[in-house]
Q: 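Just dropping this structure here.
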Amino acid sequence: MMMKRVALLACFLLYLMLHACLSDARSNSTAEALALLNWKATLQSLTNHSVLPSWTVSAAASPCRWFGIHCQGDSVFRINLTSYGVQGNFHAFPFSCLPDLEELDLSVNGLFGTIPSQINQLSKLPYIDLSYNDLSGEIPLQIAQLIHLKTLHLDRNQFNGSIPQEIGQLVSLEELALQNNYLNGHIPSSLGTLANLTNLYMLNNSLSGNIPSEMGNLTNLQELYIDTNQLTGPIPSSFGNLKNLRLLYLSTNNLSGSIPSELGHMRSLSELALHGNNLSGFIPASFGNLTSLTILQLYENKLFGPIPEELGKLQSLIFLELSQNQLNGSIPSSFANLSNLETLFLRDNQLSGPIPQEIGNFMNMLMLELDINQFTGELPQNVCRGGVLKDFIAYDNHFRGPIPTGLKNCSSLKRLRLERNRLTGNISEDFGVYPSLYYVGLSDNDFYGEISPKWALCNNLSTLLIAGNNITGRIPAELGNSVQLQSLDFSSNYLVGEIPRELTRLTSLSRLILSGNQLSGGIPREFGSFSSLEYLDLSENRLNQLIPETIGDMLKLHYLNLSSNNFSLRIPAQIGQLAQLNDLDLSHNMLSGEIPTQFRSLQSLSTLNISYNNLSGNITIFNELRGLVYVDIAHNELQGPIPDVLAFRNASIQSLEGNEGLCGNISGLKPCNLSKKGHHKLLYAIMFPLLGAAILSIAILALFFGFKRQRKDADKESDSIKDNANLFAISSFDGKLLYSEIKSTTKNFSSQCCIGKGGHGNVYRVELSSGDIIAVKKVHPLHSGEVRAAKEFQNEVTALIDVRHRNIVKFYGFCWSAEHSFLVYKYLERGSLATNLSNEQAAKEMNWDKRLNIIKGVAHALSYLHHDCSPPIVHRDLSSKNILLDLEFEAHVSDFGTAKLLNPDSTNWTNLAGTYGYVAPELAYTMKVTEKCDVYSFGVLIMEVIMGSHPGDLISTLPSLSLQMRPLVGDVLDQRPLPPSPDVQGQLISVMKIAFMCVADNPNSRPTMYAVSQMLVD
């Protein structure tokens, strides 16, 4: 009934409108009002409120009092409904009834559909703003007939096709905004005729081809943004004519050739961004004429040659980044004139020579990066003269001499990295107390002196690396008060004395490296309290006594190196408790006795070196360590046949020699010519444990998957395993039939049937004869990296076997076979979150409610993995590619190939897992895997969902505070969904604040996923 009334009202209004527009009615405003009421009847509200409540038939006689309507005399001359939450299209808009309209502003609404050609009837219109809507189709050619148009904003819609050549007819146009659409094709050369144009925005489209040289005719242009497109060819030299241009952004394209020297004629230029292209050649010396320049970004190109001395004339310069080019020569001495410079990035070039000491006079310098070059000489003495320097990065150079005076008392420092130089000086005197400092890297220099207890007063210090120097004296016991320390490396120095027991108070310590010193005494029994320690290297010292049994209490340990010391007596059996251990080196000691049988529990062990000791007995225990990749047992008193495992099959004679009792089919060893009786005894000794282990494995698999097979089926399956080396476990389906059907449906895993490819395997969609649809991930074949790949397969099965959560992909089972190995999941129709964000229609359909629900779902899943699973599971590769969506856009976390069980499974410190752009920063230098790594990735994911694309450098280049204060508009908020209501925008701001907490540099500052999950619920 209601719909019928609305339809009748619409027809009545249409009749009145037509009658009014075609007659000589006494009131022109009434005619316009009736026409607008007809358009209103087609609109809806994006909120729960009624649409334009002040627009009523009863008030049609005086529409000038309506919301958003402004009159001049009896005619409507201005319509402004910006940010009013109106949804609809232009099909009923009364173009012909508004002859005097001079402003049409419908921005930030929910308008969709195309712009009708009838827009040319608004012949007097100088101002149109339709930005931040959902309009699509091509830009109509008829817009070019609006010859009085001065402002045209069509940005942040879904327009496609090319920019009409006819747009050059808008000779009065002053501002043209077309950014954040899907426009393609070439930039029309006719734009060069718009002599009055002051602002031109075409960024974030798919424009291609060359930049037309005719754009050099736009001599009134002040702002030009053409960045983030697919433009090729050179930068037109005609741009030198743009004397009034203030902002020029051509970054993130495929521009090539040299930078025209004519750009130096643009005397008004204040910001120039050419980064992320293929530009080559020299930096023009004419840039020295751009005295108003505050930002110059030329990084990520192929520029070569020296930095022009003329850049020193740019006294207004605040931000200069020339990184990742092929620049050579020295830093110009004229840089001493850049008194306003706050950020200088010169990293990853071929620069050399000394740093001008005058750089130390920069009073406003916040960030200085000089790393990965060939600089020589001393560091500038007054580098922190202004007292605001936060980052000083100068590693991988040839700097020499002492630490600059300015750095000694630079209390603002947060990061100091000077590794791999030739710096000298007394380290006990050259550094003060830094309240904000969290990372210190001084390794591989020529510092001398003793480690100062003052480092313990740096309350935020989490990483202290002073390896490879000439440090003497003892390790100060005061360091035990630095409870926030996570990584400590004093290796390759000349430290003496015992290891202080006070260090064991560092409960957050995950990495301790003291190798290559002259430390003596024993390992303190209190080392067992290192509950977070994962990497311990005490090798090449003078440590003696026995290895304490408490070493088995460091349950997170995955790397243990005690080699080249004087440890004696037996290997403690408690080492067998270190279930996460990957690497164990006890070589070059005086250990005796047999290898503990508890070593059979070290199922994560991949590298073992026990050479040059006095160990005795047989080595049959190694038959149970199937994950062992490398072994060295040389020069002991071991005996018996070589185990038939990968590590021993690939072992060289050098890693086995010096054990007279060893035998086996390896060149250099005697064959095992055993008597029949002895052969039987040995066979029993080897086979019974293996048979027991096999029976235990089968029992565990049966418990995991709840199989109830009849004896006949079990016998058949056993025969299959023997004949084909095939292990198959599947739930809810008949395993054998499913195996055959999967092979048949995918045409034996043909590439034509593949729907996705990843680092661990390819994914196939399989529609079964039963009507069920499943996703099958076929693991890549095992070749040289078979142990790693097998572990990834095992990780995914182990991680998913007991997981039950609505936001984690449902796991049906797996097949482990010499022919094919794959995992079977529930098929999720919409694919990955990354795919949906990159698809315009899907991203549009993914409104803000759906996006918030996706964020909450992932948070709940991670909270479950971290806090409800025993042992906890760290995903380690959370990214938008590994979040799958069902038909309702519900999120499901997938791809556990790199997942780690914090206990008892292992963490591999030698391999950095994860997707670039999502990996927590601490992994780059500590390789420490904790739940907080997932928290960081989740923070990046939040930003990606809200922004519509990966945040990229936004995370590292802007302080968190400025990010929090930045409004959720413009470049931050994804423009493809309809704008959020005020309530939803408030939720988005709250979620972004959570994201900032999650991407904190210090892992301890990040919240737990349980806390995040609770915050999102609240």
Side-chain angles (χ1 to χ4, degrees), residues 474-475 477 479-483 485-491 495 497-515 517 519-605 607-610 613 615 621 871 902-907 909 928 930:
R474 296 173 179 267
I475 299 173
L479 284 179
N481 299 323
S482 301
V483 293
L485 269 175
Q486 298 177 26
S487 184
L488 192 62
D489 187 351
F490 294 157
S491 61
L495 298 172
E498 297 187 355
I499 300 173
R501 299 178 188 275
E502 289 81 359
L503 289 186
T504 59
R505 295 204 297 261
L506 304 178
T507 55
S508 297
L509 200 65
S510 62
R511 193 174 178 90
L512 177 59
I513 306 177
L514 303 177
S515 58
N517 283 285
L519 299 172
S520 58
I523 298 175
R525 289 186 55 82
E526 291 83 355
F527 261 42
S529 63
F530 274 135
S531 57
S532 298
L533 200 64
E534 300 182 13
Y535 193 106
L536 177 60
D537 191 346
L538 304 178
S539 61
E540 297 183 57
N541 278 287
R542 298 173 180 175
L543 299 172
N544 52 34
Q545 304 175 21
L546 53 79
I547 299 173
E549 297 176 351
T550 54
I551 205 163
D553 295 333
M554 295 187 286
L555 298 180
K556 290 189 176 181
L557 209 60
H558 69 80
Y559 182 96
L560 177 58
N561 191 342
L562 305 179
S563 64
S564 300
N565 280 288
N566 297 312
F567 292 116
S568 59
L569 300 181
R570 293 177 175 269
I571 299 173
Q574 287 77 6
I575 285 183
Q577 298 171 191
L578 304 178
Q580 297 196 46
L581 203 59
N582 288 152
D583 297 86
L584 176 60
D585 192 342
L586 303 176
S587 63
H588 295 273
N589 279 288
M590 296 183 290
L591 298 169
S592 59
E594 297 186 354
I595 299 169
T597 57
Q598 289 81 356
F599 267 38
R600 65 165 53 95
S601 300
L602 301 179
Q603 291 300 310
S604 295
L605 199 64
T607 300
L608 173 66
N609 190 346
I610 53 175
N613 279 287
L615 299 170
I621 186 68
L902 293 188
N903 177 30
D905 208 356
S906 65
T907 302
W909 283 64
K928 177 184 180 181
T930 69

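Because only heavy atoms are used, hydrogens play no part in the values below, and waters and symmetry mates are left out as well, while side chains stay in. This one's a predicted model, so the numbers in the text were calculated from it and none came from an experiment.
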Q: Identify, with sequence neighbours excluded, every residue that meets side chain to side chain contact (heavy atoms under 4.5 Å, CB included) alongside Pro548.
A: Ile523, Arg525, Thr550
Q: Would a distance-only check, ignoring hydrogens and angles, find a side-chain to backbone donor-acceptor pair under 3.5 Å from Asp583 to Asn561?
A: no
Q: Taking all heavy atoms of Pro572 and all of Pro596, pick out the closest pair and write down the distance.
A: O-CG, 4.2 Å
Q: How many angstroms lie between atom OG of Ser508 and atom CG of Leu485, to the nearest 0.5 angstrom?
A: 9.0 Å
Q: Can you sort out the partners of Ser515 under side-chain hydrogen bond (donor to acceptor under 3.5 Å, both in side chains), two or more places apart, ordered by chain and number?
A: none
Q: Not counting sequence neighbours, which residues clear side-chain hydrogen bond (donor to acceptor under 3.5 Å, both in side chains) with Thr504? List them please.
A: none
Q: Locate the shortest heavy-atom distance separating Met554 from Leu578; write the atom from each residue and the value.
A: O-CD2, 3.1 Å
Q: Which heavy atom of Glu498 sits nearest a heavy atom of Arg474, and at what distance?
A: N-NH1, 3.8 Å
Q: In Å, rounded to the nearest 0.5 Å, how long is the span from CG of Leu546 to CG of Leu569?
A: 5.5 Å
Q: Of all the heavy-atom pairs spanning Leu586 and Asn613, show the shortest one and how long it is.
A: O-ND2, 3.0 Å
Q: If you measure from OG1 on Thr930 to CD on Gln486, what distance do you get to the nearest 0.5 Å?
A: 8.0 Å
Q: Closer than 3.5 angstrom, by distance alone: can the side chain of Gln577 be matched with the main-chain N or O of Gly552 as a donor-acceptor pair?
A: yes
Q: If we ignore hydrogens and angles and just use 3.5 Å, is the side chain of Asn589 paired with the main-chain N or O of Leu562 as donor and acceptor?
A: yes
Q: With rounding to the nearest 0.5 Å, note down the distance linking CG in Leu519 to CZ in Phe490.
A: 11.0 Å
Q: For residues Leu538 and Ile499, determine if any side-chain heavy atom of one lies less than 4.5 Å from a side-chain heavy atom of the other.
A: yes
Q: Give me each pair satisfying side-chain hydrogen bond (donor to acceptor under 3.5 Å, both in side chains) with a member in residues 538-547, each pair once, sequence neighbours excluded.
A: Asp537-Ser539
Q: So, for Leu605 and Asn582, which heavy atoms are closest and what is the spacing to 0.1 Å?
A: CD1-O, 3.5 Å
Q: With side-chain contact (heavy atoms from CB on, under 4.5 Å) as the test, would you mind laying out the steps for Leu560 and Leu581 before giving the verdict?
A: CA-CA 8 Å; Leu560 177 58; Leu581 203 59; 4.0 Å; yes
Q: Out of curiosity, Asn481 CG to Glu502 CD, how far, rounded to the nearest 0.5 Å?
A: 8.5 Å
Q: Work out which heavy atom in Ala579 is nearest to a heavy atom in Ser604; give both atom names and the distance.
A: O-OG, 3.1 Å
Q: With rounding to the nearest 0.5 angstrom, report the CG to CG distance, Leu479 to Leu488.
A: 6.5 Å
Q: By side-chain hydrogen bond (donor to acceptor under 3.5 Å, both in side chains), which residues pair with Ser587, not counting sequence neighbours?
A: Asp585
Q: How would you list, by chain and number, every residue that makes a salt bridge (charged side-chain N to carboxylate O under 4.0 Å, His left out) with Glu526, sequence neighbours excluded?
A: Arg501
Q: Quick check: do Lys556 and Gln580 have side-chain heavy atoms less than 4.5 Å from each other?
A: yes
Q: Should Leu506 and Leu512 count as side-chain neighbours, where that means a heavy-atom distance under 4.5 Å?
A: no
Q: Check ring pair (Phe, Tyr, Trp, His ring centres under 6.0 Å) between Phe527 and all other residues, then give those that pass, not counting sequence neighbours.
A: Phe530
Q: Please evaluate residues Asn566 and Met590 with respect to the criterion side-chain contact (heavy atoms from CB on, under 4.5 Å), reporting the C-alpha separation (whole Å), side-chain torsions for both, the decisive distance (0.1 Å), and the verdict.
A: CA-CA 6 Å; Asn566 297 312; Met590 296 183 290; 3.8 Å; yes
Q: Going by heavy atoms in the side chains, are Leu615 and Leu591 under 4.5 Å from each other?
A: yes
